[in-house]
Amino acid sequence: MPVVQTEKLSKIYNLDSMPVHALQDVTLSIEKGEFASIVGPSGSGKTTLLNMLGGLDMPSSGSVWVNGRELSGMGDRQRIQFRLWNIGFVFQHYNLIPVFTAWENVSFIMLLQGRDKRAIEHRTNQLLEEVGLGDRKHARPAQLSGGQQQRVAVARALASEPRFILADEPTANLDTKAAMNLLDIMARLNNDKSVTFIFSTHDQRVTQRARRVICMVDGKIVGDERHER
Amino acid sequence: MEGLFFRLAWRNVWRNPRRSIITISAVASSVVFAVFIQSLSRGTRDGMIDNLIRHSTGYMQIQDYRFQENPSMDNVFFYDDRIVDRIRQATPSLDLVLPRIDTFMLAAGEQVSRGAMVSGIDADKEHRFSNIRDYTIKGRFFTPGEAGAVIGRGLAERLGLGLGESLVLIGKGRFGMSASGIFPIVGVVDHPLPKINQQVVYLPLETAQALLSAKGYVSSLQLVPGRKTNTESIAGAIRKELENEDLRVYTWQDFMPEFLNYMKIDMAGAYLMSFILYIVVGFGFFGTVLTMTMNRLKEFAILLSIGMSRSRLAVVVLLETFCISLIGVICGIVAAFGVICYFYRRPLELKGNAAEALIERGWSPELFVSFAPDLFYVQGIIIFFIAMAVFLYPLIKISTLDNLKAAKS
Ligand SMILES: Nc1ncnc2c1ncn2[C@@H]1O[C@H](COP(=O)(O)OP(=O)(O)O)[C@@H](O)[C@H]1O
Ligand SMILES: [Mg+2]
């Protein structure tokens with residue numbers, strides 16, 4: 001079973017009574033362990049698609065299934081709870097809770113899940129080591145560089161053991177070195193632990209690393225290629 | 001889990017220390033203002049009532065029912081141990097029974113004469129209730145039966161009389177008998193109530209009775225209850241006992257209707273001021289909370305996105321609000337205590353027209369503050385709830401927040 005799947009997904013925004021087709025009949029399926037990038041020019045519907053996959057936004061028509069469950073059938077409260085247990089998020093910016101340290105940001109989501117305290121401590125330390133921030137555990141977001149913040153965000157997204165992680169242009173605000181570093185970490189997690197990543201980008205350097213490139217233009221999928229890397 | 005929410009809330013409170021301190025100070029100063037307004041109003045009322053009770057009317061008095069209308073010597077009554085026994089039997093919780101014979105007479109010095117309130121008293125008993133001897137500024141208080149007068153400072157000045165000089169009293173005694181006498185001034189008192197200070201001549205009870213051809217008679221018996229609170233029940237018991245006589249029991253409220261009315265208006269004014277204060281405070285908080293919430297919508301959206309439920313988010317914001325309001329209110333109560341302490345030691349003295357208006361009515365021109373504990377916690381609680389109510393805004397915002405729109409803004 002695919003971890004996430006869409007069928008004829010459409011989203012129409014009504015801007016000043018002029019309908020904008022942000023997504024048109026998008027049918028897509030992503031399997032466990034994929035490292036998929038969604039590419040396309042600005043305004044092509046990447047963010048809209050990711051929001052649908054993450055249950056952050058509701059389609060105008062069509063459906064999204066995560067692990068066989070249809071998202072639009074859920075109520076608000078149920079959907080929030082579903083996100084907590086099933087989907088990890090890395091946003092372009094404003095990812096972290098500013099008053100929490102890196103360590104607290106990562107452990108927070110597991111505390112929301114109500115996990116065992118001892119296990120949370122262990123896992124938080126381990127995740128921060130994995131993203132190379134074992135020595136910056138007690139730094140607050142403001143004391144971290146943009147790249148480091150995104151790495152904390154990846155660790156947090158991973159912490160809840162979601163079925164897949166959605167990352168909307170995670171490297172957009174990073175310099176090349178930090179961007180490559182973040183991608184290395186994501187690729188390693190994907191390789192070693194089969195973590196499923198779906199990320200959007202319009203950065204050529206990032207696309208080269210993906211094993212599946214889904215190409216969008218004007219709200220439609222115009223290409224879907226798999227590469228062996 | 002709860003610990004984590006609290007930690008998050010607490011850190012959010014101190015995330016922008018300047019803003020938090022401003023908000024806390026705003027809460028605190030509103031508490032101070034609210035307490036001060038109420039304390040001043042209540043304290044002044046209580047202080048004046050206390051003053052009037054202690055130095056003028058007493059808690060309650062027994063008088064002939066005609067005396068209020070016509071305070072002449074025709075409306076006095078006989079006073080002996082029998083009536084005291086009856087009163088004490090009717091109610092066991094009486095501290096003191098003070099016999100008095102009061103009447104208006106003409107007081108004259110060598111040049112000038114003035115109307116005076118002549119009061120025949122048992123100085124020992126009076127002192128036990130009102131510490132009257134402590135107000136002696138010259139000379140001393142008379143001994144029982146002595147033919148000497150103690151005079152209010154204001155009256156002494158008007159008459160141009162000093163210690164040792166002779167005071168002439170002319171008036172009417174019982175049965176229309178003329179009453180006149182010459183008394184050496186043995187003491188001058190500076191009475192705390194201006195009206196009395198300008199009118200009073202104290203004589204020993206027996207001396208006054210003799211002067212007024214009213215041996216054994218008094219115009220009133222002032223009753224001092226063991227405890228202030230049971231004035232009404234004591235009055236009730238005695239009323240029953242005296243049902244079939246010409247005697248009536250009056251409580252202090254009966255003697256100062258004008259004052260109590262005035263104070264009602266004054267208290268209403270204080271409540272109005274407090275009310276305006278609450279509104280101003282409410283809108284002030286609302287402004288702060290509005291910007292605070294708007295600044296954090298993005299953050300709220302992220303938290304909702306990663307799976308924090310709206311109710312948990314609301315709990316965190318509620319805790320933040322709770323902390324700020326509580327700290328503000330506690331600081332406010334402490335500060336208010338200090339402020340009230342200061343004004344308790346140094347009562348505000350009124351000047352100008354307001355002061356004169358009060359003196360004219362016979363009340364002292366001082367504004368007292370009250371230390372009643374309920375002032376502090378009632379005002380504290382009111383301000384706390386106003387603050388909490390205003391912070392409902394972010395809660396509503398959270399419950400209706402559309403995470404996408406917020407994240408984009
Ligand atoms: N909330 C919205 N209201 C109206 N139009 C929107 C909204 N969000 C996105 N759009 C429109 O939908 C289209 C796709 O946007 P988006 O998914 O953000 O593209 P991308 O992420 O690829 O840049 C754009 O034309 C955009 O203007
Ligand atoms: Mg986008």
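A note on names: the letters A, B, ... follow the listed sequences, proteins ahead of strands, and every chain is numbered from 1.
For the atom pair CG of B:L303 and CD1 of A:I80, the computed distance is 10.5 Å after rounding to the nearest 0.5 Å. A distance of 7.5 Å separates CG in B:L4 from CD in A:E104, rounded to the nearest 0.5 Å. We find the CD1-CD1 distance between B:I306 and A:I109 to be 4.5 Å, quoted to the nearest 0.5 Å. If you take CD on B:E299 and CG on A:L96, they are separated by 10.5 Å, rounding to the nearest 0.5 Å.
Remark: A:H202 NE2 is loosely packed, at most 12 non-hydrogen atoms of other residues, nucleotides or ligands lying under 6.0 Å away. Environment of CE in B:M273: sparse, with no more than 12 heavy atoms of neighbouring residues, nucleotides or ligands closer than 6.0 Å.
Every salt bridge (charged side-chain N to carboxylate O under 4.0 Å, His left out) that A:E161 has, sequence neighbours left out, goes to A:R115.
Most heavy-atom pairs under 4.5 Å with chain B, from the set A:K117, A:Q81, A:R140: that is A:R140. Looking only at heavy-atom pairs under 4.5 Å with chain B, the residue among A:G55, A:G54, A:P98 that has the most is A:P98.
Pairs passing the ring pair (Phe, Tyr, Trp, His ring centres under 6.0 Å) check and including a residue from residues 296-353 of chain B, sequence neighbours excluded, read B:F36-B:F343, B:F322-B:F384, B:F337-B:F371, B:F337-B:F376, B:Y344-B:F371. Sorted by first then second residue, the ring pair (Phe, Tyr, Trp, His ring centres under 6.0 Å) pairs that include residues 32-90 of chain A, not counting sequence neighbours, are A:F35-A:F197, A:F35-A:F199, A:F89-A:F91.
Within residues 11-27 of chain B, the residues having any heavy atom less than 4.5 Å from a heavy atom of chain A are, in residue-number order, B:R11, B:N12, B:R15.
Side-chain atoms of A:R83 come within 3.5 Å of backbone atoms of B:S305 as a donor-acceptor pair (strictly under, hydrogens ignored). Proximity of a side-chain donor or acceptor of B:R310 to a complementary backbone N or O of A:D76 within less than 3.5 Å is not detected.
Neither the backbone nor the side chain of A:P162 has a heavy atom closer than 4.5 Å to any heavy atom of chain B. If you measure heavy-atom distances from A:R79 to chain B, you find no contacts under 4.5 Å at all.
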